[in-house]
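Atoms within each ligand, like the ligands themselves, are counted from 1 in listed order. A quick note: this is a predicted structure, and the numbers were derived from the prediction, not measured.
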Amino acid sequence: MADFSVAEIREMLQCEGQAQQELFDRALRLKKETVGEGIYLRGLIEFSNVCRKNCLYCGIRRENLAIERYTLTDEQILDTVRFAWRQGYGSVVLQAGERVSKEYEVRIERLVEQITTLSGGALGITLSLGEQTAETYRRWREAGAHRYLLRIESSSPELYRRIHPDDSLHRYEDRRRALDALAECGYQVGTGVMIGLPGQTTDDLARDILFMKGLDIDMCGMGPYVECAGTPLSERSLAQGGGTQEELQERLSLTLKMIAALRIVMPDINIAAATALQAIDPMGRLRAVECGANVVMPNLSPREVRANYALYDNKPLAFDSRILERCVRYGERGDSLHFKKKKK
Ligand code: SAM
Ligand code: SF4
């Protein structure tokens, strides 16, 4: 596989009009030739908005006192998993704010074991529970979780610092180390970035793609940054002229180009069509599928808590079911082809 330079990726991210359509067509063609035409479903369960962190962009950050905090019970989580299983989902994703304690480690371990048992091991289990110790990751892996999503948010240490508080809970090096620990534990590792952050340049994004390539990731979930009212980053972004309809459309188009470029650089990985795309355009996720994404994650959390997992403004509460009219691979786990090839 050819090595790509920052300049080549920059060109992909800056193209417009006919050249952009050609980029999307090339990515779609490559997707079909490598991972196939199928779309894999992951049932997303956002089981708690309690978080110890204070990321400057996120609506469920610790210091946001305006939201009602919730945590689903084990039974509510397992009921949702059973629903997903009955509906033909091949995998579920357990996502939440970041928490760290022995009790929590044991709770997740037990839940993963119960999910494994209820589907006879057939249901894929992805976790997205932030930074944990290598030992915790190992226990959850042994319990049956086999994929983990941990976005680097930005591969630029400097930009990372500008979008997080400057304290020991929010260190770029720790996030980076956590990604290595996940790979060492044998997970299919997914990472990703936010696109359209204040102060982010096209070259930052081109380097994000090379970072993912360098890390040899198996999956990616990246989406547009979307302002969340009341968060420090949103105030900064609005002050710099961000967040207008026009600017959000640019972020959407840049995200689609990022997806296409990543498909071209890493043809055999799984790429998710992020929910945040749909916050900007009702067709956002569908458009991502048409330029390289092959995974969608419909939100299955109980309706009464969905609005409280408010990461950003206009977060969609329902899934655009037009995607389900596409080539959806019901009942298949849809493991990363890239990961399978590495294992051989
Ligand atoms: N707490 C875990 C973590 O941070 O890895 C998992 C849950 S966290 C809510 C999942 C992702 O939401 C983050 O990785 C971040 O990229 C995304 N997110 C948070 N706030 C966002 C915003 N304002 N716009 C777009 N994405 C956002
Ligand atoms: Fe917590 Fe994740 Fe939001 Fe950061 S992005 S505040 S870790 S939920």
Side-chain angles (χ1 to χ4, degrees), residues 42 44-65 67 69-71 93-100 104 108 126-132 136-137 147-155 159-160 163-165 167-172 174-176 178-179 181-182 187 189-198 200 208 219-238 242-243 247-248 251-252 254-255 258 272-280 284-285 297 299 301 305-306 308-316:
R42 321 279 190 233
L44 177 62
I45 309 172
E46 297 166 335
F47 70 86
S48 175
N49 65 356
V50 176
C51 188
R52 67 177 185 146
K53 283 196 170 172
N54 231 346
C55 307
L56 301 183
Y57 42 84
C58 180
I60 62 172
R61 62 199 299 272
R62 188 183 68 226
E63 277 177 18
N64 184 1
L65 304 179
I67 55 161
R69 301 285 167 175
Y70 74 89
T71 300
V93 181
L94 297 188
Q95 192 183 82
E98 189 173 294
R99 281 167 94 166
V100 172
Y104 187 67
I108 301 300
T126 307
L127 299 179
S128 178
L129 304 174
E131 290 163 46
Q132 306 284 338
T136 305
Y137 286 148
R147 306 188 190 114
Y148 205 103
L149 290 174
L150 184 76
R151 285 186 178 178
I152 189 73
E153 314 297 359
S154 166
S155 68
L159 181 53
Y160 189 93
I163 62 172
H164 292 98
D167 65 30
S168 61
L169 270 187
H170 303 83
R171 293 277 178 248
Y172 177 86
D174 291 338
R175 198 121 183 124
R176 183 64 196 75
L179 284 165
L182 287 165
Y187 284 92
V189 178
T191 193
V193 295
M194 282 180 287
I195 296 153
L197 290 162
Q200 187 179 45
D208 286 339
M219 331 181 284
C220 175
M222 58 185 166
Y225 161 63
V226 182
E227 283 76 5
C228 178
T231 55
L233 198 68
S234 167
E235 279 159 31
R236 197 189 302 165
S237 172
L238 297 178
E247 206 261 338
L248 284 170
R251 271 184 225 171
L252 173 79
L254 196 49
T255 304
M258 281 288 282
T275 313
L277 283 162
Q278 206 180 308
I280 300 180
R285 285 196 264 195
M297 300 174 23
N299 187 347
S301 312
V305 299
R306 275 187 208 177
N308 288 325
Y309 203 83
L311 308 180
Y312 42 80
D313 299 340
N314 296 324
K315 184 165 176 274

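In this structure a side-chain-to-backbone donor-acceptor pair under 3.5 Å is present from R251 to Y225. Put simply, the side chain of Y172 gets close to the backbone of S155: a donor and an acceptor are under 3.5 Å apart. With hydrogens and angles disregarded, a donor-acceptor distance shorter than 3.5 Å links the side chain of N64 to the backbone of G59. Using a distance-only test at 3.5 Å, with no hydrogens or angles considered, a donor-acceptor pair links the side chain of Y187 to the main chain of Y137. Remark: the backbone N or O of L150 is paired with a side-chain donor or acceptor of T191 at under 3.5 angstrom. Between the side chain of N49 and the backbone N or O of N308, at least one donor-acceptor pair lies under 3.5 Å.
Of the heavy atoms in C51, only side-chain atoms (C-beta onward) come closer than 4.0 Å to ligand 2. Using a 4.0 Å cut-off between heavy atoms, C51 makes no contact with ligand 1 at all. With a 4.0 Å heavy-atom cut-off, ligand 1 is reached by no atom of C228. Contacts between K53 and ligand 1, counted as non-hydrogen atom pairs separated by less than 4.0 Å, are absent for every part of the residue.
For ligand 1, the polar-atom distance check against L129 finds no nitrogen or oxygen pair separated by under 3.5 Å. Checking only distances, Y57 does come within under 3.5 Å of ligand 1, N or O to N or O. Close N/O approach between R151 and ligand 1 is found [any backbone or side-chain N/O within under 3.5 Å].
Listed by number with element, the atoms of ligand 1 under 4.0 angstrom from any heavy atom of Q95 are 6 (C), 7 (C), 10 (C). Listed by number with element, the atoms of ligand 2 under 4.0 angstrom from any heavy atom of C55 are 4 (Fe), 5 (S), 6 (S), 7 (S). Proximity to L311 (heavy-atom distance under 4.0 Å) selects the following atoms of ligand 1: 9 (C), 12 (O), 20 (N), 23 (N). Counting atoms of ligand 1 from 1 in the listed order, those under 4.0 Å from a heavy atom of Y309 are 7 (C), 9 (C). Short contacts between ligand 1 and A96, defined as distances under 4.0 Å to a heavy atom of the residue, involve ligand atoms 1 (N), 2 (C), 6 (C), 7 (C). Near S128, meaning under 4.0 Å from any of its heavy atoms, are these atoms of ligand 1: 6 (C). Ligand-side atoms of ligand 2 in range of G97: 8 (S), range being under 4.0 angstrom from any heavy atom. With ligand atoms numbered from 1 in the order given, ligand 2 contributes 6 (S) to contacts under 4.0 Å with heavy atoms of R61.
Using a 4.0 Å cut-off between charged side-chain N and carboxylate O, R171 and E131 make no salt bridge. Using a 4.0 Å cut-off between a side-chain N of Lys or Arg and a carboxylate O of Asp or Glu, E98 and R62 do not qualify as a salt bridge. With respect to the salt-bridge test (charged N to carboxylate O, under 4.0 angstrom), the residues E153 and R175 qualify.
In terms of protein heavy-atom proximity, atom 24 (N) of ligand 1 is nearest to V226 N, 3.1 Å. Of the protein's non-hydrogen atoms, M194 SD, 3.5 Å is the one closest to atom 26 (N) of ligand 1. P224 O, 3.4 Å is the protein heavy atom nearest to atom 25 (C) of ligand 1.
Between the side chains of Q95 and Y309, a donor-acceptor pair is found at a separation under 3.5 Å. Side-chain contact of H170 with Y160: a donor-acceptor pair under 3.5 Å is absent, judged by distance alone.
In terms of heavy-atom proximity, I152 sits nearest to V193 at CG2-CG1, 3.8 Å.
Compare E153, R61, R52 by their heavy atoms: the one nearest to atom 14 (O) of ligand 1 is in E153. Of the candidates R99, R175, K315, the one placing a heavy atom closest to atom 5 (O) of ligand 1 is R175.
When distances from atom 4 (Fe) of ligand 2 to the protein are checked, a heavy atom turns up under 4.0 Å. At least one protein heavy atom sits closer than 4.0 Å to atom 19 (C) of ligand 1.
Side-chain atoms of L254 and Q200, non-hydrogen and from C-beta on, never get closer than 4.5 Å to each other.
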